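In what follows, a structure is listed as structure tokens, so that the remarks can point back to it.
Atom set for the values below is all heavy atoms of this structure, side chains included, hydrogens, waters and symmetry mates excluded. These numbers come from a predicted model, not from an experiment.
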Amino acid sequence: MSFSFRLAAARKRSKTVVKPAWNLLDELLMEILPRLPAKSLMRFKCVSRLWYSLITSRYLTNLFLKYSSPSVQRSRMLMSFVDSDEPYKYALISSSHDPVPLISPFYPAPMYDLDQDLTMPRIGGCFVSALRGLLCVRLLRSVRICNLTTMQRVTLPIITSRIVPENNENIWSYFGHEPVHDEYKVLSTVWEVSEEEIIMRSEHQVLVLGHGASWRSTLSTSPPPPHCPYMHGISINGVLYYGAWVVKNKCVVMSFDMRYEEFTLIELPVEAGIVWEARYMNLMNYKGKLAVFEYSRIMINGSIDLWFVQDAGKSGWSEKKSFVLPIFETRTLSMASRLLIQPTSHSSEICLTPEEICRHNPRCVIYDLERCKITKLINGMRIVDRFWGSRFMQTTFWDDIESIMYLET
């Protein structure tokens, strides 16, 4: 199946997006349109060919993303729900932009209802990443990119490998954006493990989204050590960071520069204890810097320990910072399942959610480590009817903005 990203394709690389030559009316429209809701813009494409051209242009798409950035409070909360016993039952739900009025002495924070059903056919699979309004999912070796605003999806070419057979499931993918040339890239890694559980080899391929795109080897001049990714990555200023195992009992952080496609290995702070036990750790954006946090004692005393990178190239970590979360809230969320803590797109914010959400209490909490307070409550009660009879639901949480990017299939 052929595909293209109409707005992401760039035959000639350029550091800036050239502003088209329009008349005064067009200039006025370009000031108004990116400030409108995405649903309105989708309808306005039918007004005329001129409006269609304006709304689907790369220039307006980037303007819309600028005005929709999390810093201007137009982000939305999203969650995928999958029945733990019947995986074919799933839902993709989003919150409205505006919170529900809430007055409570226990939760002095805005409540966001997951009341927008964004479920699309044939988008099941492993959550890879979501950024700039696009969602990436993978089912075995098939990767799909979805725009949940335009309700479009494209299926990328099947990932092939020279080191493992087709039925091998040792594969992981990441989705990122390279800001200098405005390119979207998918990084996929496959690895070979010996009978002694030693990582023998790993292979890394990149696909740059655009017309006629295909998988190729990375441009890295120095191949990274064989490793096995094990967690969702985060992107900061065009660099992807993710946790990986380099040997059976040693965990590190790998960075991948989206522009130059170079890998860097970052040793974790040994005193964290997460070098050998990564079950209770994750990565986050802390004041614009990569940070790793460890929460094995969250259920005992509500504490989280955090280290942030001072010099990524030299694995220079800061001194440990400790935070104490409300112990009542952490225990309430994890009454029936292990508590998971995930990063958000906002600096210093984390999301607390049970690993498996009970249908009688489908909610999670957004907590700001710097301000030491709950900033958002996420309520999923409106989707429980779809899962009537389900005991638990596996969930993935993320927050993102809308995008009007047109995916041309």
Side-chain angles (χ1 to χ4, degrees), residues 5-10 12-45 47 50-78 94-98 112 116 118 129-136 145-152 175-185 208-210 234-240 258-259 285 287-289 343-349 376 398-408:
F5 262 61
R6 179 186 179 106
L7 300 178
K12 180 184 289 186
R13 289 196 168 192
S14 173
K15 292 187 177 181
T16 58
V17 177
V18 179
K19 185 177 179 179
W22 291 313
N23 57 36
L24 182 59
L25 177 59
D26 297 339
E27 294 278 357
L28 182 60
L29 284 175
M30 296 303 282
E31 289 295 323
I32 298 174
L33 291 178
R35 293 174 168 82
L36 297 178
K39 289 184 178 180
S40 299
L41 292 176
M42 294 301 99
R43 293 195 300 268
F44 292 164
K45 288 195 301 183
V47 171
L50 171 62
W51 280 53
Y52 180 89
S53 176
L54 292 176
I55 293 172
T56 59
S57 69
R58 177 193 290 262
Y59 182 70
L60 189 132
T61 300
N62 287 340
L63 276 181
F64 182 85
L65 289 173
K66 175 183 176 181
Y67 291 124
S68 298
S69 65
S71 60
V72 293
Q73 302 302 314
R74 286 181 66 175
S75 62
R76 55 181 177 174
M77 314 298 152
L78 301 102
S94 166
S95 69
S96 302
H97 293 293
D98 299 322
Y112 289 82
Q116 308 294 312
L118 303 180
S129 181
L131 54 86
R132 294 168 65 86
L134 301 178
L135 169 66
C136 181
I145 307 295
C146 312
N147 187 328
L148 299 179
T149 303
T150 63
M151 301 302 285
Q152 294 174 292
F175 182 47
H177 177 252
E178 195 275 284
V180 176
H181 300 108
D182 194 17
E183 291 181 330
Y184 294 82
K185 296 183 178 183
V208 182
L209 301 181
I234 63 169
S235 294
I236 303 175
N237 299 326
V239 179
L240 168 71
M258 281 290 169
R259 181 180 182 186
N285 181 342
K287 299 182 178 180
K289 296 182 178 181
T344 74
S345 63
H346 296 265
S347 175
S348 307
E349 278 193 352
K376 299 182 184 72
W398 69 97
D399 61 319
D400 199 8
I401 55 180
E402 292 181 310
S403 172
I404 60 172
M405 178 177 288
Y406 179 67
L407 308 185
E408 188 172 305

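A distance of 13.0 Å separates OG of Ser345 from CH2 of Trp398, quoted to the nearest 0.5 Å. Between the CD atom in Gln152 and the SG atom in Cys146 there is a gap of 10.5 Å [rounded to 0.5 Å]. Within the model, atoms CG of Leu60 and CZ of Arg58 stand 13.0 Å from one another, a figure rounded to the nearest 0.5 Å.
Residues Ser347 and Gly288 come closest through the heavy atom pair OG-N, 3.9 Å. Across all non-hydrogen atoms, the minimal contact from Ala38 to Ile404 is CB-CG2, 4.1 Å. In terms of heavy atoms, Asn285 sits closest to Ile234 at N-CD1, 3.9 Å. When all heavy atoms of Lys45 and Thr56 are compared, the pair lying nearest together is CD-CG2, 3.8 Å.
In this structure the side chain of Leu29 reaches within 4.5 angstrom of the side chain of Trp51, judged on heavy atoms. Met258 is not listed as a side-chain neighbour of Val208, based on a closest heavy-atom distance of 4.5 Å or more. Looking at heavy atoms from C-beta onward, Phe64 lies out of side-chain contact with Ile55 at the 4.5 angstrom threshold. Looking at heavy atoms from C-beta onward, Arg259 lies in side-chain contact with His181 at the 4.5 angstrom threshold. Side-chain contact between Arg76 and Leu118 is present, with at least one heavy-atom pair separated by less than 4.5 Å. Tyr184 is not listed as a side-chain neighbour of Ile145, based on a closest heavy-atom distance of 4.5 Å or more.
Listed by chain and number, the residues in a side chain to side chain contact (heavy atoms under 4.5 Å, CB included) with Asn147 are Leu134, Thr149, Thr150, Ser403, Met405, Leu407 (sequence neighbours excluded). With sequence neighbours excluded, the residues forming a side chain to side chain contact (heavy atoms under 4.5 Å, CB included) with Lys289 are Phe308, listed by chain and number.
Of the charged side-chain nitrogens involved, none lies within less than 4.0 Å of a carboxylate oxygen, so that Lys376 and Asp399 do not count as a salt-bridged pair. Note on Lys185 versus Glu178: no salt bridge recorded, every NZ/NE/NH1/NH2 to OD/OE distance being 4.0 Å or above.
Checked by atom type and distance alone, the side chain of Ser235 never pairs as donor or acceptor with a backbone atom of Gly176 at under 3.5 Å. Asp400 contributes a side-chain N or O that, together with a main-chain N or O of Gly133, makes up a donor-acceptor pair within less than 3.5 Å.
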